[in-house]
Amino acid sequence: MDRQQEFVLRTIEERDIRFVRLWFTDVLGTLKSVAVAPAELEGAFAEGIGFDGSAIEGLSRVVESDMLAKPDPSTFQVLPWRGERPGTARMFCDITLPDGTPSMADPRNVLQRALAKAADLGYTFYTHPEIEFFLLKSGFHPGERPEPVDRAGFFDHVPHGTGHDFRRATITMLEAMGISVEFSHHEGGPGQNEIDLRYADALTTADNIMTFRAVVKEVALEQGIFATFMPKPFTEHPGSGMHTHLSLFEGDTNAFHEPGAPYMLSKTARQFIAGLLHHGAEISAVTNQWVNSYKRLWGGGEAPPYLTWGHNNRSAMVRIPMYKPNKGNSTRVEVRTLDPACNPYLAFAVLLAAGLKGIEEGYELPPEAEDDVWTLTSAERRAMGIKPLPGSLSDAIHAMEDSELVAETLGEHTFDFFLRNKRQEWSDYRGTITPFELERYLPRL
């Protein structure tokens, strides 16, 4: 037994932890949980906890359903919302087959494989997400419109407001679990909030995002409200994004930084951005995986529907944040397409794969988009060579189907399952009669 495992067992005894929740994520990004008694943990560390993988979205087929969840002791944290004594803790798990080999369909393993490829090239991949979400007065009830908890706007300070109290409680809980928060504020839409997590390696960040979503939902329920990460719940208000800052390091050196270069971006950074743009359409079904995701991308409000990059251009898919003097390690790129309802493990894996492909193949970075892409005409965009992201989940599926990059990154099983699931989602959506159709057509046709 290694030191981390011994630390977990000792902490459980000292802090009177009675339940340990083993967390993992299905292919669609839904958090799964199984609780075990502390006495079972030594066996879980050694052999894993068996479960029926065929009952989890995308993990396995019925004929190969036996799977094991092996807890990662480095992710151990006490859950602060469950009370101090007796307490509850959690660990993320890696999913394996009965013979101990990693499950190729485990989203955490998909990201680990991508990170291993980056490590072979000498890189460590860091990410820093800005997570937006809406707070509503209650959960969804058929036939009712969602109602936000306030009518505040961007950076508004609302004394004794629900959002203010909510953010304080959420950040306190996240920091109690060792998840550092950098900023928090009210966003542009009514009831819309943003909390930014401090940068970390991509696997830690993905684990933190899954924890973040659970904490936000938990705090909202405790306060008698409802939190949603749906990308675009309101037609008339901006959607929720998860703008994510990316950087590659070689040891302690930021591979994206080059003193004196335009925007201080190294050749490596420029090729990485070129890879993101070149493969942007084919990875969008992963970074923006829901029908509703494309309502946000094409709904205005600084959402980025075109494959462009720019310095401080918030209409671009990839933005280059302003360089801070004497802070070379802060040089980074910001991807603005991601939404907070994605599977972060898969999303980070395909972003990394696209960027590394740009480096490996030496892609040339296209000209910078200096204008607000939204204000250009279609003819102007065509003349400038600006291509659109997919306009719908259906378009994104078609782009992904032909992608060798996504197939290789996700692995055959996950790639096939993901496409089947998304095709079914589009088919269900296409066959559904919407309120828009009833309100517009029923009275006059």
Side-chain angles (χ1 to χ4, degrees), residues 29 126-137 146 148-159 161-175 177 179-200 205-206 208-220 223 225-234 236-246 287-288 290 292-293 295-297 299-304 312-319 321-322 330 332-342 344 347-348:
Y126 288 94
T127 56
H128 155 58
E130 303 172 354
I131 311 173
E132 298 173 349
F133 54 93
F134 279 92
L135 296 178
L136 309 176
K137 289 185 177 180
V149 296
D150 60 45
R151 295 291 169 185
F154 187 70
F155 269 34
D156 279 358
H157 176 74
V158 187
T162 302
H164 178 82
D165 293 339
F166 175 89
R167 293 194 300 273
R168 182 174 57 192
T170 300
I171 291 167
T172 299
M173 193 171 287
L174 288 168
E175 292 185 338
M177 298 181 70
I179 298 175
S180 298
V181 172
E182 194 166 62
F183 298 112
S184 71
H185 59 85
H186 200 287
E187 252 300 332
Q192 190 179 31
N193 291 266
E194 176 178 311
I195 297 177
D196 302 354
L197 304 185
R198 190 171 293 278
Y199 86 96
T205 305
N208 287 347
I209 290 169
M210 296 306 300
T211 305
F212 177 93
R213 296 200 299 217
V215 167
V216 165
K217 294 275 189 180
E218 192 77 27
V219 173
Q223 297 193 0
I225 56 178
F226 182 81
T228 180
F229 296 97
M230 183 177 175
K232 180 82 168 165
F234 298 101
E236 65 275 26
H237 301 302
S240 291
M242 188 172 74
H243 305 155
T244 302
H245 299 251
L246 315 177
T287 58
N288 305 85
W290 310 102
N292 185 253
S293 299
K295 304 289 179 73
R296 168 187 164 251
L297 285 180
E302 293 189 349
N312 271 342
N313 185 341
R314 295 180 186 276
S315 70
M317 173 187 166
V318 179
R319 183 179 79 92
M322 187 175 296
S330 69
R332 62 202 186 277
V333 303
E334 177 191 4
V335 177
R336 297 176 62 81
T337 42
L338 280 146
D339 63 49
C342 71
F348 288 168

* Using side-chain hydrogen bond (donor to acceptor under 3.5 Å, both in side chains) as the criterion, list what pairs up with Ser293, not counting sequence neighbours. =>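 For Ser293, the residues satisfying side-chain hydrogen bond (donor to acceptor under 3.5 Å, both in side chains) (neighbours in sequence not counted) are Asp339.
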* **side-chain hydrogen bond (donor to acceptor under 3.5 Å, both in side chains) partners for Arg296, two or more places apart** =>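 Expected list: none.
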* Minimum side-chain heavy-atom gap Glu130-Glu182 below 4.5 Å ->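 Glu130 vs Glu182: side chains apart.
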Side chain to side chain contact (heavy atoms under 4.5 Å, CB included) partners of [X], counting only residues at least two apart:
X: Tyr199; value: Tyr126, His128
X: Pro238; value: none
X: Ser184; value: Arg167, Ile171, Ile195
X: Ala206; value: Leu111, Pro344, Tyr345, Phe348

How long is the gap from [atom1] on [X] to [atom2] on [Y], to the nearest 0.5 Å?
X: Leu297; Y: Thr287; atom1: CG; atom2: OG1; answer: 7.5 Å
X: Leu197; Y: Leu174; atom1: CG; atom2: CG; answer: 7.0 Å
X: Ile209; Y: Thr127; atom1: CD1; atom2: OG1; answer: 6.5 Å
X: Phe229; Y: Cys342; atom1: CZ; atom2: SG; answer: 11.0 Å
X: Phe133; Y: Met242; atom1: CZ; atom2: CE; answer: 13.0 Å
X: Glu187; Y: His237; atom1: CD; atom2: NE2; answer: 13.0 Å

Between [X] and [Y], what is the shortest heavy-atom contact and its length?
X: Asp165; Y: Gln223; value: O-NE2, 3.7 Å
X: Gly239; Y: Gln192; value: O-NE2, 3.0 Å
X: Asp196; Y: Ile131; value: OD1-N, 4.1 Å
X: Glu175; Y: Val181; value: OE2-N, 3.9 Å
X: Ala341; Y: Pro231; value: CB-CD, 4.2 Å

* To do: Begin from the C-alpha positions of Glu218 and Val215 and carry the test side chain to side chain contact (heavy atoms under 4.5 Å, CB included) through to its verdict.
  => CA-CA 5 Å; Glu218 192 77 27; Val215 167; 5.5 Å; no
Sidechain-backbone polar pair: [X] side chain, [Y] backbone, donor-acceptor under 3.5 Å:
X: His243; Y: Pro129; answer: no
X: Asn288; Y: Thr337; answer: yes
X: Asp150; Y: Gly191; answer: yes
X: Thr228; Y: Phe134; answer: no
X: Glu132; Y: Gly241; answer: yes

* To do: Find out whether the Lys NZ or Arg CZ of Lys217 is both under 6.0 angstrom from the six-membered ring centre of Phe226 and within 45° of the ring's axis.
  => yes
